[in-house]
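Down below is the structure, laid out as structure tokens.
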Amino acid sequence: MMKLIDPFARPISYLRVSVTDRCDFRCTYCMAEHMQFLPKKELLTLEELDRLCSAFVGMGVEKLRITGGEPLVRRDIMTFFRAMARHLDSGALKELTLTTNGSQLARFAADLAAIGVRRVNVSLDTLDAEKFARITRWGRLPQVLDGIRAAQQAGLRVKINAVALKGFNEDELFGLVDWCGAEGHDLTFIEVMPMGDLGEENRLDQYWALSDLRARLAERFTLIDLAERTGGPARYVRLEETGQKIGFITPLTHNFCESCNRVRLTCTGELYMCLGQEDMADLRAPLRAHPGEDAPVEQAIRAAIARKPKGHDFDYSRQRVAGQVSRHMSHTGG
Ligand code: SAM
Ligand code: SF4
């Protein structure tokens with residue numbers, strides 16, 4: 001079948017799938033404390049998610065990242081992972097992975113490893129239990145650390161994702177680096193993005209530019225730029241002194257769109273061609289209108305990819321937030 005190529009000649013080989021909008025945490029930069037979640041009938045069933053993801057795999061998607069909300073709080077999520085593992089077994093899919101807050105990893109790590117998941121991204125912004133409770137509102141640090149240990153024991157490689165937050169984890173830069181070094185985890189810092197309504201939390205106040213974080217890191221370590229690119233907004237360095245790999249996801253200070261290879265599917269079947277744009281395609285309608293037929297869904301996917309924009313418009317310059325999109329990160333799946 002013809003592979004997916006967008007109007008800027010970028011092959012689309014990476015699909016990120018949000019399987020739920022729900023979460024057992026309420027991170028302040030991601031969600032409001034009281035969230036109105038979607039009614040069940042709006043959500044794609046696990047079978048519908050299977051159909052859609054399998055259509056993408058059939059059209060050349062080689063990497064699938066499961067995210068949310070918190071993917072591991074979706075009921076029967078292992079059924080879906082097991083379904084996707086058949087594409088690993090057939091060789092069509094090169095990688096099946098997930099981004100999680102880690103709270104349920106102690107329960108799921110062994111099963112995930114058994115079906116062929118090799119790596120997991122765990123979001124963790126602080127190693128201080130009190131600060132962790134504050135930033136996640138509902139989360140508890142020991143539970144997440146147990147989850148991370150379980151993942152390691154199951155043989156999964158763990159990458160820690162930390163959102164860089166001014167006045168919050170600036171003082172933990174070296175603490176996080178040292179801990180990840182000692183535990184053998186890769187570490188990536190993420191710039192806070194203007195998602196959702198800015199209301200109570202002013203994200204300009206929280207914004208800690210990774211150019212500054214990087215400069216501070218360079219005061220203690222020698223940073224060697226790595227050529228490695230994943231088609232996304234991440235850049236990597238190696239710390240010469242420790243050999244650790246550190247990533248920087250900088251959608252705001254760096255333009256990465258020219259090599260973008262990814263699209264995002266929400267738990268309601270909306271396909272976002274760009275994280276930073278409002279345009280999306282409804283894939284649920286053709287999916288539900290044609291239960292036994294794949295062609296209409298494939299057609300809708302191709303039509304959507306043909307509209308993939310060149311890039312996003314996020315911009316924090318001149319001390320205001322521009323290019324902001326109104327949906328929450330938990331909706332598009334981060
Ligand atoms: N619940 C899972 C987790 O926390 O890893 C998966 C979904 S979460 C939306 C995915 C990633 O998005 C997390 O690493 C989180 O820190 C990040 N994120 C959420 N809101 C963000 C924001 N406003 N700016 C930057 N990153 C954000
Ligand atoms: Fe939940 Fe992840 Fe959002 Fe935190 S960042 S509220 S863990 S979805």
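Ligands are counted one by one from 1 in listed order, and the atoms in each one are counted from 1 as well. Hydrogens, waters and symmetry mates are skipped; everything else that's a heavy atom, side chains included, is used. This is a predicted model, so every value here is computed, not measured.
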Please check if the number of heavy atoms outside Arg307 that lie under 6.0 Å from its CZ is greater than 12.
yes

Anything under 30° is parallel, anything over 60° is perpendicular, the rest tilted; go ahead and classify Phe221 against Phe174.
tilted

Does Arg288 pair with Glu48 as a salt bridge, N-O distance under 4.0 Å?
yes

Would a 4.5 Å heavy-atom cut-off, applied to side chains only, mark Val17 and Leu64 as touching?
yes

Would you call Asp282 and Leu271 a side-chain contact if the rule is heavy atoms closer than 4.5 Å?
no

Using a 4.0 Å cut-off to any heavy atom of Tyr29, which atoms of ligand 1 qualify?
16 (O), 18 (N), 19 (C), 20 (N), 21 (C), 22 (C), 23 (N)

Do we see a donor-acceptor contact under 3.5 Å between the side chains of Arg65 and Thr99?
yes

Going from CD on Glu62 to CG on Leu93, what distance comes out if it is rounded to the nearest 0.5 angstrom?
8.5 Å

Ligand 1 to Thr99 polar contact by distance, N or O atoms, under 3.5 Å:
no

Which ligand 1 atoms does Cys30 reach within 4.0 Å, using its non-hydrogen atoms?
19 (C), 20 (N)

Gly69 heavy atom under 4.0 Å from ligand 1:
yes

Numbering the atoms of ligand 2 from 1, which are under 4.0 Å from a heavy atom of Gly69?
8 (S)

Name the option, out of Ile190, Leu72, Thr67, Val163, that contains the heavy atom nearest to atom 16 (O) of ligand 1.
Val163

Number the atoms of ligand 1 from 1 as they appear, then name those within less than 4.0 Å of a heavy atom of Gly68, with their elements.
7 (C), 9 (C)

Same cluster or not: Tyr14 versus Leu49, using hydrophobic residues (I, L, V, M, F, W, Y) connected whenever any side-chain heavy atoms lie under 4.5 Å apart?
no

Judged by heavy atoms only, the candidate from Asn101, Thr67, Asp21, Asp125 nearest atom 7 (S) of ligand 2 is Asn101

If I take every N, O or S atom of Cys27, is at least one of them less than 2.8 Å from atom 1 (Fe) of ligand 2?
no

Can an N or O of Asn161 be found at a distance shorter than 3.5 Å from an N or O of ligand 1?
no

Can you check whether Thr100 has an N/O within less than 3.5 Å of an N/O in ligand 1?
yes

